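Just so we're on the same page: letters track the sequence lines, and every chain starts at 1. Remember, predicted model here, so these are calculated numbers, not experimental data.
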Amino acid sequence: KAGVTQTPRYLIKTRGQQVTLSCSPISGHRSVSWYQQTPGQGLQFLFEYFSETQRNKGNFPGRFSGRQFSNSRSEMNVSTLELGDSALYLCASSLGGLTNEKLFFGSGTQLSVL
Amino acid sequence: AQTVTQSQPEMSVQEAETVTLSCTYDTSENNYYLFWYKQPPSRQMILVIRQEAYKQQNATENRFSVNFQKAAKSFSLKISDSQLGDTAMYFCAFIAFSGGGADGLTFGKGTHLIIQP
């Protein structure tokens, strides 16, 4: 069974640009959640999608948005990039039943904002 | 607020030794799960072990076991017969469920574990 796939692995953008990251969950998983990892703040929850609906959201500005498609693949978009958005962005998938939860992570997208 | 505290930023042990990583957490929810994740240099977060809060029995996975003390809100990870491949960042995390669903995993800052040959 294929794992969680994130593309691209690396991205370099400049301030003010926007970026879209992609995450394909494990087959059969309906929940996809996104996390930001930085040396200073550690790992922080961005949002979670389940069956194409955002179910939960962390404490991030509206520049961070996402969506989920009918095949459970998810995209995350960051608009008007700032230097502080440089981070490793991880997505995780799970069955999504809110019980017996096991979250499986992808290898992440390393975003550098110059 | 929900928090996870890992008090050991870095630990180093010799191969084949046993090592225990500490974790304490705080939540007002009763329904939650606790996890230990391992993040090697490849950056992929790998699930090491999981514990359901309603289960009193400590979870074990081969060389990995936990000491779950619910009243003390403590969740330590013990690695027996440590191997070079265990070298990684280890993150303690939990996810709590309330009527409105779950707010995602809350992570600690991590412990960098180094296994010396």
At under 4.5 Å between heavy atoms, what parts of residues 59-67 of chain B are in contact with chain A? List them by residue number.
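Within residues 59-67 of chain B, no residue comes under 4.5 Å of chain A, counting heavy atoms only.
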A/Q17 and A/T14: side chain donor to acceptor below 3.5 Å
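A donor-acceptor contact under 3.5 Å links the two side chains.
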Quick one: what part of [X] sits under 4.5 Å from any heavy atom of chain B, side chain, backbone, both or neither?
X	answer
A/L88	side chain
A/Q110	both
A/F47	neither

Could you check A/K57, A/Q54, A/R55 and say which one makes a side-chain hydrogen bond (donor to acceptor under 3.5 Å, both in side chains) with A/E48?
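Filter result, single survivor: A/R55.
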Student check: side-chain heavy atoms of B/F91 and B/V4 closer than 4.5 Å
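Side chain of B/F91 against side chain of B/V4, heavy atoms only: no contact under 4.5 Å found.
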Between A/Q6 and A/W34, is any pair of side-chain heavy atoms under 4.5 Å apart?
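Yes - at least one pair of side-chain heavy atoms lies under 4.5 Å apart.
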Lys NZ or Arg CZ of B/R43 over A/Y10 ring: under 6.0 Å, within 45°:
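B/R43 over A/Y10 ring: yes.
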Is the gap between the ring centers of B/F94 and B/F75 under 6.0 Å?
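No, the ring centres sit 6.0 Å or more apart.
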For B/K73, what residues pass the salt bridge (charged side-chain N to carboxylate O under 4.0 Å, His left out) criterion, not counting sequence neighbours?
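Result, salt bridge (charged side-chain N to carboxylate O under 4.0 Å, His left out) vs B/K73: B/D26.
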Would you mind checking which part of B/L47 comes under 4.5 Å of any heavy atom in chain A, side chain (CB onward), backbone (N, CA, C, O), both or neither?
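Side chain only.
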Nearest 0.5 Å, please: how far is CG in A/L90 from CG in A/L103?
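If we round to the nearest 0.5 Å, A/L103:CG and A/L90:CG are 11.5 Å apart.
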Sort out for me which of A/A92, A/G42, A/S107 touches chain B most, counting heavy-atom pairs under 4.5 Å.
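When all of A/A92, A/G42, A/S107 are compared, A/S107 has the most.
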